[in-house]
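Okay, so here's the structure we're looking at.
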Amino acid sequence: MNDQLTNILFVGNEPTTVQNLKGGLGDIGGDFIQVASAEEALASLRNDTFQLLICTHRLAGMPATDFLERVRQESPATVRLFLSGFSKKEEVAGVVGSGAAQHVLLMPWDEGELLAIVLKSLKQSRAQRQKDSDLQAIINNIPSLPTLPTVYKELHACLANRENYSLTKVTEIVQQDPASTSALLRWANSALFGQMGKIENLKRAIILLGVDVVEGVVLSESMKDALAVNPIEQFEIEGFYKHTVASAVLARQLVQRLDDRGPEAADQAFIVGLLHDMGKLVWAKYFPDKFAEALRIAREDERPLHEVEADILGATHQEIGAYLAAWWSLPQFIVQSVRWHHQPKQSTADKVLAHAIHVADTLVQQFEIGCSGNTCVPEVERDSRVRFELMTPTMMDALQEPLESSLPFT
Ligand SMILES: [Fe+2]
Ligand SMILES: [Fe+2]
């Protein structure tokens, strides 16, 4: 199968729909393959490149949501369309809510509408392929992608089983790295985690913070190490890290306000806050001249930095950051939040995290805490304000004082 052509995989047993689709698509210059079961479909995706997968409710082998989630993980470039048929309401809600499919068509579907969605999906797939090849061209200009330091890899392996790990071992691993040790002690003694200057012992700091935050902080320190950069005009590294730390604190505080989210989501928001602008470090490390030019143009033309990056560097810091996060095999909640922190509605993972980091990132810039390199301060998107009940400027301004009093720096 030629991966330059348009190949569609249809999973289900709907002969009429398949015939009509084939007729409607005419000569699109690719293959239209039909399989009946989830396992056959996954095998096909492993062997060939498909731009579009159409999955119906009558799917043998596993629930549609689980199947679509597997496709998302194993073949992320394939656009996923779900035809609901007579699915249970909960199944459709699950597919839509989790973002397992990018398009959902409810029964009774109109064949014309189905064709229109398929054509739109193929257009989306082509645009994505173009974007991927642009990004690949940028990656090809980096001599070798940076690797994360051993301390993070060892810690990640040690914590692979969250139910059964050795606290002593975790402490031994972390204390090999002075930067991570001092960062953890600083956070353990910050108002954000409920302490003010009482924790001097690393093991106690780890217990207080919990292993999710510990792994996130070590990851953030490891990222600084892997992406250590030389100073660039208009991109002052200390101000940049203040921006990320303040974004982490505010993102955590925002998620803590939600009744339907537990402490795990608040910790994830904190971790994402620390990492969300990692793509800017990639630009600063590997493309310093072009990044300096993008910073200059964004400032002079009063344009959002990420828009200028797309023009000057060929991709945004969200795109290159998410690429590196995926290459480092970081969890999807990090990859997706890094990718969509400027367009949270488009996240296909937990949208709450993307909204939280979008609000935090934007307000931290408005409050002028640190500096992200972006001089054109944006507005918070309406959907994000609704999610966190921040409908007026006064409500947003009210976040500044609790944020500033929780920062581990002055
Ligand atoms: Fe950003
Ligand atoms: Fe940011």
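Along the sequence shown, residues carry numbers from 1. Counting convention: from 1, in listed order, for ligands and their atoms alike.
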* Ion pair check, Glu293 and Lys290, cut-off under 4.0 Å -> no

* Are any N, O or S atoms from His317 nearer to the Fe ion (ligand 1) than 2.8 Å? -> yes

* Using distance alone, with no hydrogens and no angle criterion, decide if His317 and His341 have a side-chain donor and acceptor under 3.5 Å apart. => yes

* To do: Would you mind checking if Arg303 and Asp311 are paired as a salt bridge, meaning a charged N to carboxylate O distance below 4.0 Å?
  => yes

* Asked: What residues, two or more places apart in sequence or in another chain, satisfy side chain to side chain contact (heavy atoms under 4.5 Å, CB included) together with Leu115?
  -> Leu21, Leu25, Leu119

* Asked: Can Lys224 be said to sit on top of Tyr241's aromatic six-ring, NZ or CZ under 6.0 Å from centre and within 45° of the ring axis?
  -> yes

* **N-O pairing of Asp277 and Lys242 below 4.0 Å** => no

* Atoms of protein origin (N, O or S) under 2.8 Å from the Fe ion (ligand 2) -> His243 NE2, His276 NE2, Asp277 OD2, Asp361 OD1

